[in-house]
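Naming: A, B, ... by sequence-line order, numbering from 1 per chain.
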Amino acid sequence: MYEDLRSSTVFSPESMGELVNYKQKHPQALFWAGGTYLMAKEVNYPSKNPINIISLGKMDELKRITRNDTSVEFGSMASIQTVTAIARNFFSKDICNALNATSTQLIRRMATIGGALCTQKIKTSFTTIMMTLDANIECRIVGKKPLTKWIQLDNMFDKSGSLVLSPSTLITRLHINADKDSIFYFKETGSPMTQSDYSVVFAMRSRLLQNSITETRACFNFPSIGLHLSEAVQSSLTGVVLPMNPVRIIRLTEALVNEIRMEHPALRPIQVEQASRMFESYLYDLNAKVIARS
Amino acid sequence: MNIDCNIDGKNYSFSTNSDKPLLQILIEDLEVESMMSLCKGAYCGNCVVLMDGQAVLSCLVPAFKLQGAVIQTFESFKKTRAYRDIDRAYKEIGCTPCRQCYASKTLIIESVIQTLERSQSTLSNPMEFNRVRRESDMEGIRTEEEKLIIRELGLNSCTCTQSSELVKIVTTCIDYRRKRNVRRS
Ligand SMILES: Cc1cc2nc3c(=O)[nH]c(=O)nc-3n(C[C@H](O)[C@H](O)[C@H](O)COP(=O)(O)OP(=O)(O)OC[C@H]3O[C@@H](n4cnc5c(N)ncnc54)[C@H](O)[C@@H]3O)c2cc1C
Ligand code: FES
Ligand code: FES
């Protein structure tokens, strides 16, 4: 059935040189990693206008993993399952649990780092976690003038949390610093992929020095709308001594809600409500951790 | 494009569109009975097959990824000893998935069992497992293994089986296999 329709041309480069050559000749060709997002959301078979595909599956250099005591670097074609499998060598139990909660093993084995970071219409929980871990990515611009550069993951998204990556940019590596000490919190309601209009994913990481917060990163993910990395929360929490007064918690939560509403007017009220509850419970959790220690 | 692959023990060589999903090839071209229909992005989870030994959603696998692959659908899996264990566990627990999701749930169960066996979880040691389980029950929480079983089987959206029953099916099955291995050695 449909075999007389024109079918996508699939190119499977084995080296960066081959990939660059092909992409320069076919700028519209689509990078294909695990295909879990593309097959579910973007590619409808049979398609009237099949696209050219650059399958990254044979690019061994994109599957390499290098690590030392303080950091780990994954090739963008490493699967999410590979990340979860070696995570416990680098990250705290809470971070590992969060990674393990990204979908199911069956999906994690198919989905790759590059694919998870570059989904267009939804944002994945994997990206949310990586944002709070302050990950960096290596991008290769495969246009007329090839260029390789490292950027902070935050810079892949604009202020409204949408992906800003040109179709000629290939993500080649992800770099993350080891983190076994900070306090990490992860919560999601609904699946970012299957309930993307309602789901809220929240990840937050704070470093404590004695009882005071020295550094914090908070990332909300409203999957079909965008990511929200809260600068205001991050700066107002830094230096705060725990346990925090409940009035302060209420004020901070209100400030967050206002910020989210302003930057993402399309959010559903239920998403705003969920986000504020998640944030509030993180702050109480921080309090509880410090009280338990003393 | 031309594809050579092995499906349910038979070698196939066929020409197909490169982006045609494996599920559609199985339904339309090979008329595999256990494959039902394409949910087109509704994530029903009813299209699971084993590809090179690992469970995948066949609607997410395009034809071009099939070159050289070994695919096992439920049709050939049901002839294996591994399947007979799962079927026996369904009967022992008194809970069998419905016709619609039977094949996929069974293959996900097999994949979960393999993961738990590989990870040498506490499930391979019944005394240790029961201890952990008792402690978790007392605290009203689930063990890590139980969470994994429920999460993995949650990929199948059908609600005909409860999570507590799925946990029992998987643990019963692991127990059958453990006892058989003990007898053998
Ligand atoms: C049922 C289901 C549930 C899921 N649940 C979750 C969940 O809870 N949490 C979660 O985090 N994920 C989840 N996922 C996975 C997630 O939604 C994406 O499908 C997945 O991460 C995409 O990875 P991939 O390798 O398959 O990418 P692909 O589908 O191959 O590609 C995705 C996009 O990225 C581009 N791309 C791929 N690689 C690169 C690269 N190296 N450089 C530049 N662009 C690139 C592609 O062109 C495409 O636009 C789920 C998936 C499914 C099917
Ligand atoms: S056909 Fe529904 S998930 Fe594959
Ligand atoms: S598919 Fe199992 S009851 Fe619906």
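Interface residue A/S103: only backbone heavy atoms are found under 4.5 Å from chain B. Looking at A/L38, neither its backbone nor its side chain comes within 4.5 Å of chain B, counting heavy atoms on both sides. Residue B/L148 touches chain A through its side chain alone, counting heavy-atom pairs closer than 4.5 Å.
A/M110 places a side-chain heavy atom less than 4.5 Å from the side chain of B/V61. Counting heavy atoms from C-beta outward, A/W32 and B/K65 have side chains that approach closer than 4.5 Å. Between B/P62 and A/M39 there is a side-chain heavy-atom pair separated by less than 4.5 Å. The closest side-chain heavy-atom distance from B/M1 to A/T9 is not below 4.5 Å.
Annotation for B/F14: atom CZ counts as buried by contact number, over 12 foreign heavy atoms lying within 6.0 Å. The 12-atom threshold is exceeded at CZ of B/R177, counting heavy atoms of other residues, nucleotides or ligands nearer than 6.0 Å. At most 12 non-hydrogen atoms from other residues, nucleotides or ligands lie less than 6.0 angstrom from CZ of A/R88. Atom NZ of A/K93 sits in a sparse spot, with 12 or fewer heavy atoms from other residues, nucleotides or ligands closer than 6.0 Å. The environment of B/Q67 atom CD is dense: over 12 non-hydrogen atoms of other residues, nucleotides or ligands sit within 6.0 angstrom. Atom CD of B/Q162 has 12 or fewer neighbouring heavy atoms from other residues, nucleotides or ligands inside a 6.0 Å radius.
Counting heavy-atom pairs closer than 4.5 Å to chain B, the top-ranked of the candidates A/I107, A/T36, A/L106 is A/L106.
In this structure, B/L23 CG and A/Y45 OH are separated by 12.5 Å, a value rounded to the nearest 0.5 Å. Atoms CZ and OG, from B/F64 and A/S8 in turn, are 8.5 Å apart once rounded to the nearest 0.5 Å.
A distance-only check finds no donor-acceptor pair linking the side chain of A/Q105 to the backbone of B/E152 [under 3.5 Å]. Within the 3.5 Å criterion, the main-chain N or O of A/S7 finds no donor-acceptor partner in the side chain of B/S18. With B/R151 contributing its side chain and A/N100 its backbone, the two residues share a donor-acceptor pair below 3.5 Å.
Scanning residues 79-94 of chain B against chain A with a 4.5 Å heavy-atom cutoff picks out nothing at all.
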